[in-house]
Amino acid sequence: MTKFWVVAKQVYKKNVRSGSWIFLVLSPIIMGALIIGISVFMSKTMDDAKLGVVAPTPVISQSIKKNSDSLAVQRYTTTQKAQTALKKERVDGILIVTATKSGQLTAKLTTRVGGTPIDSSSVQAPLSQLNMQLAAQRLKLTGAQLQTLLHPVTIKTNSVAYRDGKKVNRKNTADAANRGIAVGITILMMIFMMVYGSMLAQEIATEKGSRIMEMLLSSVSATTQFFGKLAGVMMLLVTQIAIYGVSFVLAWSVIKKQKMIMGLLDQFDFSSLGSWAGVSIVAFFILGVLTYAVLAALMGSLVANQEQVQQAVMPLSMLGLLGYFGALIAQASDNILVRVGSYIPFLNVSIMPVRATMGYTSPIEVPIALAESLVFLLLFTYFAVRVYRANVLVYREGGLGKALRATVTMMRAQK
């Protein structure tokens, strides 16, 4: 076990200090910081619009000020004073409110070109409310009667999915959040598997090409080498995710104050993360990254030198893209190809989470797919270790396919 951790720490320390890994980790943080910085800059430089109000009673200007967070309301006693303030650019617009003989309020909004924009709806709503209150007073309606008269129609919306002829109800917000999370996890999985798969294959190919592997295996077994390198790369992945988690926690105090960002986040129901769908997405992510990492280690052991690393990474890229496009297709329809693909190893970790969040799966399908992925990971890891052990000191020319066939033949002969 000591040798295992020595190998894992060596892989971890070597890569965590590399410029490529640091750039991989910092680039999303820098991009996020730029977005937050732009949002903060815009919120500080864009002052509230200044509105001058001329009205028969102070209640009108007070009502507009109370119901409009984006307006700085200043009351003027005469229209001339308000127009003078507009001319001298002390305000961005003026609102002249008058009352007709019947008691109805009418208003005229004049805005200054080059000033902070004023949305007419921000003053229309409080004026309409005052109009209704005045009308209720003239008609001698009680407050309860007015509330009954103005009570809006309640409309409940939901999406439906049909499975085996049965309707399944789902909340729209949870559906949108789960769909976005599933696609986001699929994209992250594809990125992580390509980056860390390439890193693991590069690690093994470099040691094989420089003949360092021969010296390493004199003191550490091939099996320990395999799992140690796999653990070291997984430690890098955990470190990256932890850095993003800490960065988000530190940035949250700034993010929660930005109306633009919070308005976007409010569209999602993040309570779905605690649901079975959210748990299954995380489980598929873990199994998927591990499966592709094992494949990368297997393919890396087949190369003869560092120049063949791109050939070793190609199967990972192809499978990752197939799973990604399968996940995109699963959002639109649950056809037979999508259903079959959600049970095929390497593809199911991308397709099944999307099918589950779209409501296309029965309660038993997701556990079956998870169990299948776990069993396949164990069996595939066992096969990959045998191939790694048999091929790690073998240097064959002629491509990965030829090397894999020769390795399998040799493994059969050893039996």
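Residue numbers count from 1 along this sequence. No experiment lies behind these values; they were computed from the predicted model shown.
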Considering all heavy atoms, the nearest Ala384-Phe226 contact: CB-CZ, 4.0 Å

Walk me through it: do Met352 and Val354 pass the test side-chain contact (heavy atoms from CB on, under 4.5 Å)? CA-CA 5 Å; Met352 183 58 81; Val354 177; over 6 Å; no

Going by the rule side-chain hydrogen bond (donor to acceptor under 3.5 Å, both in side chains), which residues pair with Tyr12 if we only count those two or more places apart in sequence or in a different chain? Thr239

Determine the minimum heavy-atom distance between Leu370 and Leu287, stating which atoms define it. O-CD1, 3.9 Å

With side-chain contact (heavy atoms from CB on, under 4.5 Å) as the test, would you mind laying out the steps for Leu230 and Leu200 before giving the verdict? CA-CA 7 Å; Leu230 187 63; Leu200 185 56; 4.0 Å; yes

Over all heavy atoms of both residues, which pair between Tyr388 and Ala297 is shortest? Give the atoms and the distance, please. CD1-O, 4.1 Å

With Lys81, the side-chain contact (heavy atoms from CB on, under 4.5 Å) member among Thr84, Thr77, Thr79: Thr77

Is Arg112 salt-bridged to Asp92, going by a charged N under 4.0 Å from an acidic O? yes

Step-by-step side-chain contact (heavy atoms from CB on, under 4.5 Å) determination, Ile243 to Ser247: CA-CA 6 Å; Ile243 290 174; Ser247 301; 4.1 Å; yes

Inter- and intrachain pairs under ring pair (Phe, Tyr, Trp, His ring centres under 6.0 Å), touching residues 332-351, at least two apart: Tyr292-Phe346, Phe346-Phe376, Phe346-Phe380

With heavy-atom distances below 4.5 Å as the criterion, would you say the side chains of Leu109 and Leu51 are in contact? yes

Report the distance from atom CD1 of Ile364 to atom CD1 of Ile368, rounding to the nearest 0.5 Å. 5.0 Å

Value rounded to 0.5 Å, distance of CE in Met235 from CG in Leu237: 11.5 Å

Tell me if a side-chain donor or acceptor on Glu365 pairs with a main-chain N or O of Ser362 at a distance below 3.5 Å. yes

Closest non-hydrogen atom pair between Leu347 and Gly341, with its separation: CB-O, 3.6 Å

One should read off an interatomic distance between Glu372 CD and Leu377 CG, to the nearest 0.5 angstrom, of 12.0 Å

Validation row: Val97, Leu95 side chains within 4.5 angstrom (heavy atoms): yes

Evaluate Val349 against Phe285 for side-chain contact (heavy atoms from CB on, under 4.5 Å), listing each step before the verdict. CA-CA 7 Å; Val349 292; Phe285 173 74; over 6 Å; no

From Thr111 atom OG1 to Ile94 atom CD1, the distance as rounded to the nearest 0.5 Å: 10.0 Å

Whether the Ser342 and Arg355 side chains hold a donor-acceptor pair (N or O, under 3.5 Å, no angle test) is what I'd like checked. yes

Restricting to non-hydrogen atoms, name the atom on Ile351 and the atom on Gly323 that form the minimum distance, rounded to 0.1 Å. CG1-O, 4.0 Å

Between Arg75 and Ser61 the two heavy atoms that sit nearest each other are CD-OG, 3.4 Å

For Tyr244, does the OH atom have more than 12 heavy-atom neighbours from other residues, nucleotides or ligands under 6.0 Å away? yes

What distance do Leu26 atom CG and Gln240 atom CD have between them, rounded to the nearest 0.5 Å? 9.5 Å

Separation between CD1 (Ile344) and OG (Ser373), nearest 0.5 Å, reads 12.0 Å

Within the distance-only criterion (no hydrogens, no angle test), does the side chain of Ser63 pair as donor or acceptor with the backbone N or O of Ile60 below 3.5 angstrom? no

